[in-house]
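Accompanying notes for the structure given below.
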Amino acid sequence: MPQYVAAVDQGTTSTRCMIFDHDGAVVSVGQKEHEQIFPRAGWVEHDATEIWANTREVVGQALARGNVGASSIVALGITNQRETTVVWDKHTGRPVYNAIVWQDTRTAAIVDQLGALGGGADRYKDKVGLPLATYFAGPKVRWILDNVEGAREKAESGDLLMGTIDSWLIWNMTGGTDGGLHLTDVSNASRTMLMDYRTLAWDAGIAEEMGIPMSMLPEIRSNSEVYGTGRAAGFLAGVPIAGSLGDQQAATFGQVCFTKGMAKNTYGTGNFMLLNTGEEAVPSKNGLLTTLCYQLGDAKPVYALEGSIAVTGSLVQWVRDNLGMITNAPEIEDLARTVDDNGGAYFVPAFSGLFAPHWRSDARGAVVGLTRYVNKGHLARAVLEATAYQTREVLDAMNADSGVDLTELRVDGGMVGNELLMQFQADVLDVPVIRPRIAETTALGAAYAAGLAVGFWSDLEELTAKWAEDKRWEPEMSTEERERSYRNWQKAVTKSLDWVDEDVI
Ligand SMILES: Nc1ncnc2c1ncn2[C@@H]1O[C@H](COP(=O)(O)OP(=O)(O)O)[C@@H](O)[C@H]1O
Ligand SMILES: O=P(O)(O)OC[C@H](O)CO
């Protein structure tokens, strides 16, 4: 009987289940979008209960579409939108508040207060590798405990659990209120601001400063080991849950960036470039994050430098949903191809402030360079170019921090189907951009981690041999044009800064 590995990819916009065979080929897919909740400007929430229901549904869809029985699944891997935070009651299994999403900026005041204790944005950076920013999970827990009636008392009496989405799903999959396992993995834990990246243990001092009782925190485990088995009704009963990675680390794993100096860039809701720095954690001087890349069982952890960009594909969604300029995301390419250039317009999508390499929560979106000449086509170009320019900022920081001069960039994610963007990206970076044959690298990476843990695949060499190039874009732009347009982008960024103050929501 053929055997398979399943992966659940719980992303910002949708939840997917993908079933892979031994060659790493996709056998079937189930997918469902969930509601994006925007209660106020800058706030972004998900219903964690809906996410768990969707997870069960898409697993059922994938099994049915592939005509695969649960008994043929040798392992399940999980990968997830990172930093998005759930706090739930361990007796009822109900979240006390919606999940606060990674893009949400409501913790700006908490973050400022913590920085004011000394050290500013760098207060915890030496320990956790991250600047104080609204992006990360710890301050989101603090906000829930401060703002949801009764939550702090319950947390202090040990009745509440916190987790990123991996923890929430694993707890539910393994039985929930009936003995569900409360754990997370090193990659997700490294996004909380609560884990010391050297010891891979929670830092009690930081948790205390953030007002988070240690009893809420999950146990930290490696990315590839059998954590437990599926126990929830109707959910892969008895299947080993054997891999868990944050989605960007999973994509790095799926792109087989197993060697120091290899990097990938994922183009989804946001963009995330990760460079494998080997067993050495490299502190950043240029606005990048020092983060866990992966740890396989008892092996030494592998670290990464990461450039996180908050808004890339979600700008295309915004153009579709809020402006109605297009009816689906790929149409932006057709619109952009109606003109030859951006007509002088630059779009800085600082909807959640600016992440790497700026970390400016006071920034907000700006379109500059407008004249009566600019039309919809030019704006569509400016929207796509924003992704490429933000990636250039991150790549420059990556080269400066690591001393590695990247000679090519492996790409994946929903936006890499956009050929115009991929060519412009190669032009702006002046390095070739390469798309792999299996573009679903996030789910693949989680499947690889789970399959390795149960011996379905033997080692990293076997996985490396499965990677194959699909398409490559070579730089074509003149140096003069590249640098001229990039200077304009940098000027546009300055116009988005210093916008939020007490009068501006
Ligand atoms: N052809 C395209 N051109 C531009 N953007 C696209 C295209 N196809 C998808 N996108 C964008 O990519 C994102 C979806 O990518 P995906 O990797 O599925 O995201 P996530 O994992 O973050 O949910 C959406 O934000 C969408 O707007
Ligand atoms: O769900 P994605 O693919 O947009 O990824 C979100 C990131 O993990 C946020 O850090």
Side-chain angles (χ1 to χ4, degrees), residues 7-16 18 29 31-34 36 44 46 51 54 79-85 99-104 130 133-137 140 164-166 187-188 190-192 245-252 254 264-274 289 291 304 306-323 325-337 349 351-352 355-356 380-381 383-388 411-425 435 439-446:
V8 166
D9 175 5
Q10 203 304 295
T12 308
T13 49
S14 74
T15 307
R16 262 184 288 240
M18 303 190 82
V29 183
Q31 179 164 11
K32 190 166 187 190
E33 291 207 2
H34 55 269
Q36 304 294 317
V44 188
H46 293 157
I51 283 179
N54 288 1
T79 179
N80 56 290
Q81 53 168 326
R82 306 163 305 165
E83 301 94 14
T84 297
T85 303
I100 302 184
V101 177
W102 58 276
Q103 302 152 315
D104 190 292
L130 314 170
T134 58
Y135 182 22
F136 305 109
K140 298 183 198 291
T164 39
I165 294 288
D166 55 309
S187 67
N188 275 293
S190 74
R191 321 297 295 193
T192 57
L245 303 102
D247 57 8
Q248 303 311 321
Q249 283 86 348
T252 312
K264 70 87 205 181
N265 196 28
T266 300
Y267 296 70
T269 306
N271 261 37
F272 302 88
M273 191 189 296
L274 269 77
L289 309 178
T291 198
E306 174 176 323
S308 329
I309 303 168
V311 178
T312 57
S314 55
L315 179 60
V316 177
Q317 282 173 351
W318 181 83
V319 168
R320 181 195 66 186
D321 300 339
N322 294 39
L323 302 188
M325 268 168 58
I326 50 176
T327 55
N328 59 57
E331 258 180 41
I332 192 129
E333 183 169 352
D334 303 332
L335 189 55
R337 284 189 189 278
F351 294 171
S352 300
F355 283 14
R381 285 239 171 206
V383 162
L384 293 176
E385 290 182 5
T387 292
V411 299
D412 53 62
M415 290 183 97
V416 304
N418 191 311
E419 305 254 342
L420 182 73
L421 171 61
M422 291 299 103
Q423 181 58 54
F424 190 74
Q425 184 68 91
R435 189 172 67 194
E440 293 296 348
T441 51
T442 303
L444 185 64

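Numbering of ligands and ligand atoms starts at 1, following listing order.
- At a 3.5 angstrom cut-off on N or O pairs, S14 does not count as close to ligand 1.
- Proximity of a side-chain donor or acceptor of E331 to a complementary backbone N or O of T327 within less than 3.5 Å is detected.
- Residue contacts with ligand 1, taken as heavy atom pairs separated by less than 4.0 Å, do not involve E440 at all.
- Side chain of S187 to main chain of G246: a donor-acceptor pair is present (N/O by atom type, distance under 3.5 Å, no hydrogens or angles).
- Residues passing the salt bridge (Lys or Arg N to Asp or Glu O under 4.0 Å) test with R82, sequence neighbours excluded: D247, E306.
- Nearest to atom 2 (C) of ligand 1 among the protein's heavy atoms is P330 CA, 3.8 Å.
- For atom 22 (O) of ligand 1, the closest heavy atom belonging to the protein is T269 OG1, 2.5 Å.
- Smallest separation of non-hydrogen atoms from E333 and E419: OE1-N, 3.3 Å.
- With respect to atom 18 (O) of ligand 1, the closest heavy atom belonging to the protein is R16 NH2, 3.6 Å.
- In this structure, E419 falls outside the shell of residues with a heavy atom less than 4.0 angstrom from ligand 1.
- Protein heavy atom nearest atom 27 (O) of ligand 1, with residue, atom name and distance: G313 O, 2.9 Å.
- Proximity of T387 to Y267: side-chain heavy atoms (C-beta onward) are separated by under 4.5 Å at one or more points.
- Relative ring orientation between F272 and W102 is described as perpendicular, the plane-to-plane angle rising above 60° on a 0-90° scale split at 30° and 60°.
- The shortest contact between atom 11 (C) of ligand 1 and any protein heavy atom is with M415 CG, 3.7 Å.
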request  = Report the C-alpha distance between S14 and Q31 in whole Å, list the side-chain angles of each, state the deciding distance to 0.1 Å, and finish with yes or no for side chain to side chain donor-acceptor pair (under 3.5 Å).
outcome  = CA-CA 7 Å; S14 74; Q31 179 164 11; 2.8 Å; yes

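- Protein heavy atom at the shortest distance from atom 17 (O) of ligand 1 is G414 N, 2.9 Å.
- Using a 4.0 Å cut-off to heavy atoms of S314, the atoms of ligand 1 that qualify are 25 (O).
- Of the protein's heavy atoms, A329 CB, 3.7 Å lies nearest to atom 10 (N) of ligand 1.
- Proximity of a side-chain donor or acceptor of T192 to a complementary backbone N or O of N188 within less than 3.5 Å is not detected.
- Among residues two or more places apart in sequence or in another chain, the side-chain contact (heavy atoms from CB on, under 4.5 Å) test is passed with I165 by Q10, I51, N80, Q81, T84, V86, L169.
- Taking A251 as the reference, K264, T266, D412, T441, T442 meet the side-chain contact (heavy atoms from CB on, under 4.5 Å) condition, with sequence neighbours excluded.
- Which parts of ligand 1 touch Q317 is read off a 4.0 Å heavy-atom cut-off, strictly below it: atoms 24 (C), 25 (O), 27 (O).
- When only non-hydrogen protein atoms are considered, atom 3 (N) of ligand 1 lies nearest to N418 ND2, 3.0 Å.
- For E333, the heavy-atom gap to ligand 1 stays at 4.0 angstrom or more.
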Table of N or O contacts for ligand 2, cutoff 3.5 Å:
unit_1: ligand 2; atom_1: 1 (O); unit_2: T12; atom_2: N; d: 2.8
unit_1: ligand 2; atom_1: 1 (O); unit_2: T12; atom_2: OG1; d: 2.6
unit_1: ligand 2; atom_1: 1 (O); unit_2: D247; atom_2: OD2; d: 3.1
unit_1: ligand 2; atom_1: 3 (O); unit_2: D247; atom_2: OD2; d: 3.1
unit_1: ligand 2; atom_1: 4 (O); unit_2: T12; atom_2: OG1; d: 3.0
unit_1: ligand 2; atom_1: 4 (O); unit_2: T269; atom_2: OG1; d: 3.2
unit_1: ligand 2; atom_1: 5 (O); unit_2: D247; atom_2: OD2; d: 2.8
unit_1: ligand 2; atom_1: 5 (O); unit_2: Q248; atom_2: NE2; d: 3.3
unit_1: ligand 2; atom_1: 8 (O); unit_2: R82; atom_2: N; d: 3.0
unit_1: ligand 2; atom_1: 8 (O); unit_2: R82; atom_2: NE; d: 3.0
unit_1: ligand 2; atom_1: 8 (O); unit_2: D247; atom_2: OD1; d: 2.5
unit_1: ligand 2; atom_1: 8 (O); unit_2: D247; atom_2: OD2; d: 3.4
unit_1: ligand 2; atom_1: 10 (O); unit_2: R82; atom_2: NE; d: 3.3
unit_1: ligand 2; atom_1: 10 (O); unit_2: R82; atom_2: NH2; d: 3.0
unit_1: ligand 2; atom_1: 10 (O); unit_2: E83; atom_2: OE1; d: 2.6
unit_1: ligand 2; atom_1: 10 (O); unit_2: E83; atom_2: OE2; d: 3.4
unit_1: ligand 2; atom_1: 10 (O); unit_2: Y135; atom_2: OH; d: 2.7

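- Listed for the Q36 side chain is a donor-acceptor partner under 3.5 Å among the backbone atoms of T12.
- The shortest distance between side-chain heavy atoms of Y135 and S308 falls below 4.5 Å.
- The backbone N or O of F136 lies less than 3.5 Å from no partner atom in the side chain of R191, so there is not a single donor-acceptor pair.
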